[in-house]
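Beneath this line is the structure, given in structure tokens, with notes to follow.
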Amino acid sequence: ADVDLGDAKIRETVETFLPYSFTEVNKMAEKFKRVERRFVYTTPKSFLELLKLYGVLLGRKRSEADSSIDRLSNGLQKLRETAEAVTQIEADLKISLEEADQKKTVAEGIAEVVSKEKAIVEVETAKAQVQAADVFQIQEEVSYKQKNTEEDLAKAE
């Protein structure tokens with residue numbers, strides 16, 4: 001009476017089966033007595049122990065089922081959370097890729113400008129080197145003429 005068996009149909013089935021099983025055990029005890037010539041006693045107390053054992057096993061199985069249900073529920077919750085996290089990461093990745101493409105485009109533009117400016121600087125540097133060589137040549141000519149002029153001035157004095 002103190003064990004919750006669920007709905008009435010299940011309760012009726014269990015209440016019918018337990019006495020039946022006890023009766024079958026008594027029949028097997030009689031057979032055992034004839035074949036083996038040994039006694040197996042079944043008493044009202046053993047029937048009560050059967051009922052108690054059924055209640056204990058039922059409680060244990062229900063506890064195991066509840067534990068399994070909890071584990072399953074927690075696992076499903078974790079899967080949902082993981083799916084949400086993956087969706088968020090995918091969205092973040094998509095945004096990051098778009099930003100990287102934009103930065104790549106900007107960097108390519110800057111690289112193009114720098115390469116153009118570098119080419120201009122190289123041309124100007126080449127011109128400056130040519131001009132420096134010309135200046136050096138002119139300076140040597142001026143030095144040579146100055147030296148000759150000083151020598152001629154020194155002779156003229």
Side-chain angles (χ1 to χ4, degrees), residues 1-25 28 42 45-157:
D2 60 342
V3 177
D4 178 25
L5 297 176
D7 66 9
K9 187 173 182 179
I10 294 173
R11 182 174 198 76
E12 181 182 329
T13 304
V14 170
E15 287 176 351
T16 305
F17 174 75
L18 288 177
Y20 169 76
S21 68
F22 195 71
T23 304
E24 289 299 310
V25 168
M28 289 305 292
T42 55
K45 183 175 181 182
S46 45
F47 182 72
L48 293 175
E49 288 175 357
L50 172 68
L51 294 176
K52 184 177 177 183
L53 176 64
Y54 181 80
V56 168
L57 290 176
L58 181 64
R60 188 178 302 155
K61 291 297 181 181
R62 282 183 176 167
S63 175
E64 289 173 6
D66 289 344
S67 175
S68 295
I69 289 170
D70 288 344
R71 284 183 54 220
L72 178 62
S73 175
N74 290 339
L76 289 174
Q77 181 62 30
K78 292 290 182 188
L79 285 174
R80 285 186 201 104
E81 291 171 1
T82 304
E84 290 173 8
V86 166
T87 303
Q88 182 61 39
I89 290 170
E90 286 176 343
D92 292 346
L93 179 62
K94 188 175 181 181
I95 292 170
S96 297
L97 288 174
E98 289 173 0
E99 291 174 355
D101 284 343
Q102 290 172 355
K103 288 179 181 180
K104 179 182 174 186
T105 304
V106 169
E108 287 173 350
I110 291 172
E112 186 177 327
V113 169
V114 167
S115 66
K116 286 180 183 177
E117 289 179 1
K118 181 180 177 187
I120 292 171
V121 167
E122 287 175 352
V123 168
E124 292 297 322
T125 301
K127 286 180 186 176
Q129 288 175 344
V130 168
Q131 215 173 20
D134 290 346
V135 168
F136 181 73
Q137 189 177 4
I138 292 172
Q139 190 177 16
E140 286 204 358
E141 288 176 12
V142 168
S143 293
Y144 177 75
K145 287 181 182 179
Q146 182 182 3
K147 182 178 176 187
N148 285 341
T149 305
E150 286 176 358
E151 287 176 1
D152 289 344
L153 184 61
K155 287 179 186 179
E157 286 182 357

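Worth saying up front: this structure is predicted, and the values here are computed from it rather than measured.
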Requested in this report: Can you run down the salt bridge (Lys or Arg N to Asp or Glu O under 4.0 Å) pairs that involve residues 122-143, sequence neighbours left out, and say none if there aren't any?
Outcome: Glu124-Lys127
Query raised in the report: Under the side chain to side chain contact (heavy atoms under 4.5 Å, CB included) test, which residues partner Leu58, sequence neighbours left out?
Result: Val3, Leu5, Tyr54, Arg62
Query raised in the report: Just wondering, are more than 12 heavy atoms of other shown residues or ligands nearer than 6.0 Å to CD in Glu12?
Result: no
Query - Pro19 versus Val14, closest heavy-atom pair with distance - result: CD-O, 4.5 Å
Report task. Taking side chain to side chain contact (heavy atoms under 4.5 Å, CB included) as the test, write out the residues that go with Asp7, two or more places apart. Result -> Lys9, Ile10
Report summary line: For Thr42 and Phe22 the tightest heavy-atom approach is CB-CZ, 3.7 Å
Query raised in the report: Are the side chain of Thr82 and the backbone of Lys78 linked by a donor-acceptor contact shorter than 3.5 Å?
Result: yes
Report summary line: d(Leu153 CG, Glu151 CD) to nearest 0.5 Å is 11.0 Å
Query raised in the report: Just how far is it from atom OG1 of Thr23 to atom CG of Leu18, taken to the nearest 0.5 Å?
Result: 10.5 Å
Requested in this report: Give, for atom OG of Ser63 and atom CZ of Arg60, the distance between the pair rounded to the nearest 0.5 Å.
Outcome: 9.5 Å
Report summary line: Sequence neighbours excluded, the answer for side chain to side chain contact (heavy atoms under 4.5 Å, CB included) partners of Glu150 is Gln146
Query - Listed once per pair and sorted, the salt bridge (Lys or Arg N to Asp or Glu O under 4.0 Å) pairs that draw on residues 84-111, sequence neighbours left out - result: none
Requested in this report: Could you tell me whether Glu49 and Lys52 have a side-chain N and a carboxylate O separated by less than 4.0 Å?
Outcome: no
Requested in this report: Look up atom OG in Ser46 and atom CG in Leu51, then write down how far apart they are to the nearest 0.5 Å.
Outcome: 10.0 Å
Report summary line: Those residues at least two apart in sequence (or on a different chain) that pass side-chain hydrogen bond (donor to acceptor under 3.5 Å, both in side chains) with Asp70 are none
Requested in this report: Report the C-alpha distance between Gln102 and Val106 in whole Å, list the side-chain angles of each, state the deciding distance to 0.1 Å, and finish with yes or no for side chain to side chain contact (heavy atoms under 4.5 Å, CB included).
Outcome: CA-CA 6 Å; Gln102 290 172 355; Val106 169; 5.6 Å; no
